[in-house]
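Just below is one structure, and these are the notes that go with it.
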Number of protein chains: 2
Amino acid sequence: MVPPLGLRVPPVDLGDGTALLTDQYELTMLQAALRSGTAGRRAVFEVFARNLPAGRRYGVVAGTGRLLDAIEAFRFGSAELDFLTSTGIVDEPTARWLEKYRFTGDVWGYAEGDCYFPDSPILTVEGTFGEAVLLETLALSILNHDCAIASAASRMVQAAQDRPIIEMGSRRTHERAAVAAARAAYIAGFTTTSNLEAGRLYGVPTAGTSAHSFTLLHDGERHAFQAQLSSLGEGTTLLVDTYDVERAVTTAVELAGPSLGAVRIDSGDLGLMARRVRDQLDSLGAHGTRIVVTGDLDEYGIAALTAAPVDGYGVGTSLVTGSGAPTASLVYKLVARADGPDRDAPMRPVAKRSTGKPSRGGRKTAVRRIDGHGVAYAETISTGEPAAGRRDRPLHVPLVQDGDIVGREPLHAVRERHTRSVAELPATAVQLSKGDPAIPTEFTDGGPRS
Amino acid sequence: MVPPLGLRVPPVDLGDGTALLTDQYELTMLQAALRSGTAGRRAVFEVFARNLPAGRRYGVVAGTGRLLDAIEAFRFGSAELDFLTSTGIVDEPTARWLEKYRFTGDVWGYAEGDCYFPDSPILTVEGTFGEAVLLETLALSILNHDCAIASAASRMVQAAQDRPIIEMGSRRTHERAAVAAARAAYIAGFTTTSNLEAGRLYGVPTAGTSAHSFTLLHDGERHAFQAQLSSLGEGTTLLVDTYDVERAVTTAVELAGPSLGAVRIDSGDLGLMARRVRDQLDSLGAHGTRIVVTGDLDEYGIAALTAAPVDGYGVGTSLVTGSGAPTASLVYKLVARADGPDRDAPMRPVAKRSTGKPSRGGRKTAVRRIDGHGVAYAETISTGEPAAGRRDRPLHVPLVQDGDIVGREPLHAVRERHTRSVAELPATAVQLSKGDPAIPTEFTDGGPRS
């Protein structure tokens with residue numbers, strides 16, 4: 001049935017047209033491999049980061065759910081094929097291969113929300129070379145962005161302790177990246193987002209009330225506050241720093257009464273202002289009115305306000321830019337491939353041997369090693385049999401099997417996993433100071449561990 | 001006519017579903033203003049950056065073309081309205097207003113590709129408060145991202161002098177941001193991109209040949225090179241640093257002959273390697289074979305290779321992350337609004353008065369002041385009549401008039417404008433060292449200038 005014209009489905013972030021979100025060389029490699037007869041060789045690619053951003057204690061896996069949607073939508077339709085053939089990027093035999101393309105292999109990975117460390121094999125893609133190489137750019141784009149945001153967000157959540165954080169960085173990043181950033185921040189423990197599309201598409205709780213422009217629109221702050229209270233109720237958050245904070249707080253409580261939900265301070269010395277406003281609110285009997293602070297906060301700014309009477313934070317720029325590390329530096333490397341075209345041809349570990357960027361060949365598994373107190377003490381990566389001891393936690397879960405997506409999860413489950421994963425790390429993990437990864441990465445060639 | 005199901009139009013980056021790429025508070029402000037009777041007041045919002053990223057000499061306007069597409073697609077259909085009403089974010093009267101929403105105002109702005117400086121009013125949105133406030137988040141998302149990328153890209157292009165640069169950062173940023181980044185880099189003078197969707201959607205020339213995985217897939221480098229040459233011809237670029245560079249270059253020329261297009265080096269000391277490879281190629285008679293270098297390059301890395309025999313650069317991470325400045329810090333501020341609801345009610349300049357983030361009220365125009373040698377010497381911003389002298393260049397062009405998009409331009413025109421705009425700046429503009437903006441920003445209240 002043809003849907004009515006007014007109805008636009010599916011939502012774009014569920015993967016409409018993902019096949020060209022790809023570097024050209026994936027397709028030229030495919031074409032050359034089709035010609036040389038090697039495109040059908042079984043291949044194993046792994047996604048990992050050689051290092052965490054300088055001084056960070058852990059990384060956070062995020063983007064997996066988005067990647068699964070994007071893999072499902074990775075098809076070459078007439079728009080894609082017309083472009084590729086009319087520009088001469090691929091020849092006709094390759095176009096015919098692409099027309100039938102659907103990923104039929106397997107994907108394993110760290111569960112979304114889990115923590116990762118240097119060299120953690122957070123995604124393993126197995127299939128023919130041709131089908132697996134095509135996913136390189138898309139997988140890296142999604143994971144590099146979302147892991148970077150979630151990793152920064154998690155530190156902010158730790159710094160905020162139990163105080164809620166609103167994600168409000170949409171305006172400081174690409175309009176679609178903003179939606180993914182809101183999702184990643186929620187996974188890492190942010191409470192809400194300002195981004196409406198993240199609410200619609202992923203069910204992230206949304207928040208927001210007013211900006212300075214609303215106050216400036218009206219004939220005086222009193223009129224603006226009246227208008228907002230009349231529309232949103234006395235539980236709303238009034239922005240009190242357009243003109244004079246003290247006068248604004250007086251007006252706010254006068255109009256809303258002591259059950260005013262919250263006031264927001266967006267400028268000045270936030271700690272000092274919060275203390276003054278808390279005293280003023282208390283003196284006016286508005287003991288339950290919360291104080292929300294916003295304005296160029298990052299994890300350090302949040303931590304500096306620990307002793308201030310702040311009830312919630314809003315974080316924008318530093319969240320969507322990964323607080324100094326806007327990309328997770330994940331790479332997608334061929335680590336093993338078959339010697340010949342048969343499905344059961346023996347697999348050979350492979351690795352680049354030139355200077356500068358060494359990699360380890362061979363398909364890997366990983367466990368997080370856990371001591372008798374339930375605390376993680378090592379990330380053990382093995383090229384042989386998984387080396388899981390009794391208490392150790394195997395880290396790979398199935399995501400795609402024979403081309404079928406099997407790893408979808410509700411976002412709240414991912415968010416809860418992240419909380420557990422951080423809680424399992426040694427206490428040093430949540431220090432904001434620069435340091436080594438919270439646990440060391442060890443390599444073994446397998447064998448049992450107790 | 002209902003399009004056939006296989007045909008997916010419009011492409012998502014042309015703006016499908018942009019209305020929810022918006023902060024919730026734009027809608028709660030709208031609702032409160034509808035109730036208080038202020039939503040229909042005429043309003044002027046301006047987009048500007050209080051500062052350039054530390055030490056930068058100029059910024060580059062980019063994203064305008066994408067913004068115009070996004071404004072045109074900014075409509076509330078049933079999916080958007082269902083979400084907004086079922087979650088209680090807006091009430092029924094507001095939903096009915098949104099259902100009919102279409103921006104009917106005017107937008108002026110700096111032409112895309114032009115340079116900007118602190119406080120340059122790069123976009124001016126005039127309409128009712130209700131219709132103009134809704135565009136805040138989307139306008140900032142697009143401009144903050146694209147200006148950040150183009151501003152970094154322009155420095156790299158200057159550093160590369162006349163050598164071509166390939167944009168290849170898609171894997172290190174959000175999958176849709178990658179498409180916009182490729183477009184912004186092209187505006188700033190990059191030659192090609194690896195991103196196929198940027199090719200399809202915007203006509204940016206694309207490039208790409210092979211990765212290390214292609215070499216590792218084959219039974220030896222020789223077989224891999226043969227496969228690539230057989231598919232892409234001897235004009236292709238062979239990647240020579242998978243195992244041993246010297247041996248790879250020997251093999252490459254042996255197989256392709258002296259008309260081999262190029263070799264690519266992706267690791268090691270790029271300057272040293274380039275010199276060695278150049279000598280080797282020349283000794284093999286491959287005088288025309290070019291050398292392309294890639295691997296964590298930024299504007300400084302490019303400049304450091306000026307004296308090396310390099311024929312082209314590939315830049316990834318540093319481009320898509322804005323080389324240290326991943327967002328342009330542009331803000332969208334109400335600077336004037338009517339005193340009452342009538343279309344001809346007098347306009348009043350407005351500005352926030354609290355500490356920390358001062359703004360200047362009033363609708364502004366701007367000219368670039370040009371001396372007798374054709375060199376820019378000031379950015380003059382005026383709240384009165386435009387203060388253009390004989391040689392000065394007015395900076396605002398019409399983009400939207402009465403809701404109709406009038407500012408669309410072909411991308412090559414934007415790219416050419418950028419070249420002219422940089423050439424007009426004093427020579428200090430293209431220094432990579434940290435310094436003040438290339439020209440000062442001056443404010444006047446108007447009046448004629450000679």
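Letters A, B, ... mirror the listed sequences (proteins, then strands); counts begin at 1. Because the structure is a prediction, the values reported are computed rather than measured.
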Atom CD1 in A:I142, atom CD in B:E175: separation rounded to 0.5 Å? 4.5 Å
Residues at least two apart in sequence or cross-chain that pass side-chain hydrogen bond (donor to acceptor under 3.5 Å, both in side chains) with A:R264, listed by chain then number, are A:T294
Can we say B:D219 and A:R41 salt-bridge, meaning some charged N sits less than 4.0 Å from an Asp/Glu carboxylate O? yes
Which heavy atom in B:R337 sits nearest to a heavy atom in A:L216, and how many Å separate them? NE-O, 2.9 Å
Looking at B:V133, B:T209, B:T137, which makes the most heavy-atom pairs under 4.5 Å with chain A? B:T209
What's the spacing between A:L239 CG and B:K352 NZ if we round to 0.5 Å? 8.0 Å
Taking all non-hydrogen atoms of both residues into account, name the closest pair between A:S170 and B:S141 and its distance. O-OG, 2.7 Å
Examine whether an atom of B:R171 lies under 4.5 Å from a heavy atom of chain A, and if so say whether it belongs to the side chain, the backbone or both; otherwise answer neither. both
Toward chain A, the part of B:A43 with a non-hydrogen atom under 4.5 Å: neither
Could you give the distance from CZ (B:R348) to CG (A:L217), rounded to the nearest 0.5 Å? 12.0 Å
Region of B:L232 in contact with chain A, defined by heavy-atom distances below 4.5 Å: side chain
CD of A:Q228 to OH of B:Y25, rounded to nearest 0.5 Å, is 12.0 Å
Which pair of non-hydrogen atoms, one from B:L20 and one from A:L196, has the smallest distance, and what is that distance? O-CB, 3.6 Å
Examine whether an atom of B:F214 lies under 4.5 Å from a heavy atom of chain A, and if so say whether it belongs to the side chain, the backbone or both; otherwise answer neither. both
Checked B:V350, B:T38, B:L27 vs chain A; the most non-hydrogen pairs under 4.5 Å come from B:T38
Shortest non-hydrogen pair, A:G208 vs B:T28, comes out as O-OG1, 3.5 Å
Can you tell me which portion of B:I89 sits under 4.5 Å from chain A's heavy atoms? Options are side chain, backbone, both or neither. side chain
Tell me the residues of residues 324-332 of chain B whose non-hydrogen atoms fall below 4.5 Å from those of chain A, in number order. B:P326, B:T327, B:S329, B:L330, B:V331
Tell me whether A:R35 contacts the main-chain N or O of B:S230 through its side chain, where contact means a donor paired with an acceptor under 3.5 Å. yes
Does the side chain of A:L334 reach to within under 4.5 Å of the side chain of B:H212, using non-hydrogen atoms? no
Heavy-atom pairs under 4.5 Å with chain A - which of B:A227, B:A39, B:A211 has more of them than the others? B:A211
Provide the closest heavy-atom pair for A:Y243 versus B:A351 in the form atom of the first, atom of the second, distance. CE2-O, 4.4 Å
Contacts of type side-chain hydrogen bond (donor to acceptor under 3.5 Å, both in side chains), residue A:D146, not counting sequence neighbours: A:R66
Rounded to the nearest 0.5 Å, what's the gap from OG on B:S210 to CE on A:M29? Could you check? 6.5 Å
With respect to chain A, which residue among B:L84, B:I149, B:D23 yields the maximal number of heavy-atom pairs within a distance under 4.5 Å? B:D23
Sequence-distant partners of B:S231, side-chain hydrogen bond (donor to acceptor under 3.5 Å, both in side chains), two or more places apart: A:Q31
Closest non-hydrogen atoms of B:S213 and A:F45, given as atom of the first, atom of the second and distance, are CB-CE2, 3.8 Å
Would you give the length of the straight line joining atom CG of A:N144 to atom OG1 of B:T317, rounded to the nearest 0.5 angstrom? 8.0 Å
For B:Q226, is it the side chain, the backbone, both, or neither that has a heavy atom closer than 4.5 Å to a heavy atom of chain A? neither
Most contacts with chain A, counted as non-hydrogen pairs under 4.5 angstrom, among B:M168, B:H223, B:E136: B:E136
Identify which of B:A207, B:A224, B:A336 forms the greatest number of heavy-atom pairs closer than 4.5 Å to chain A. B:A207
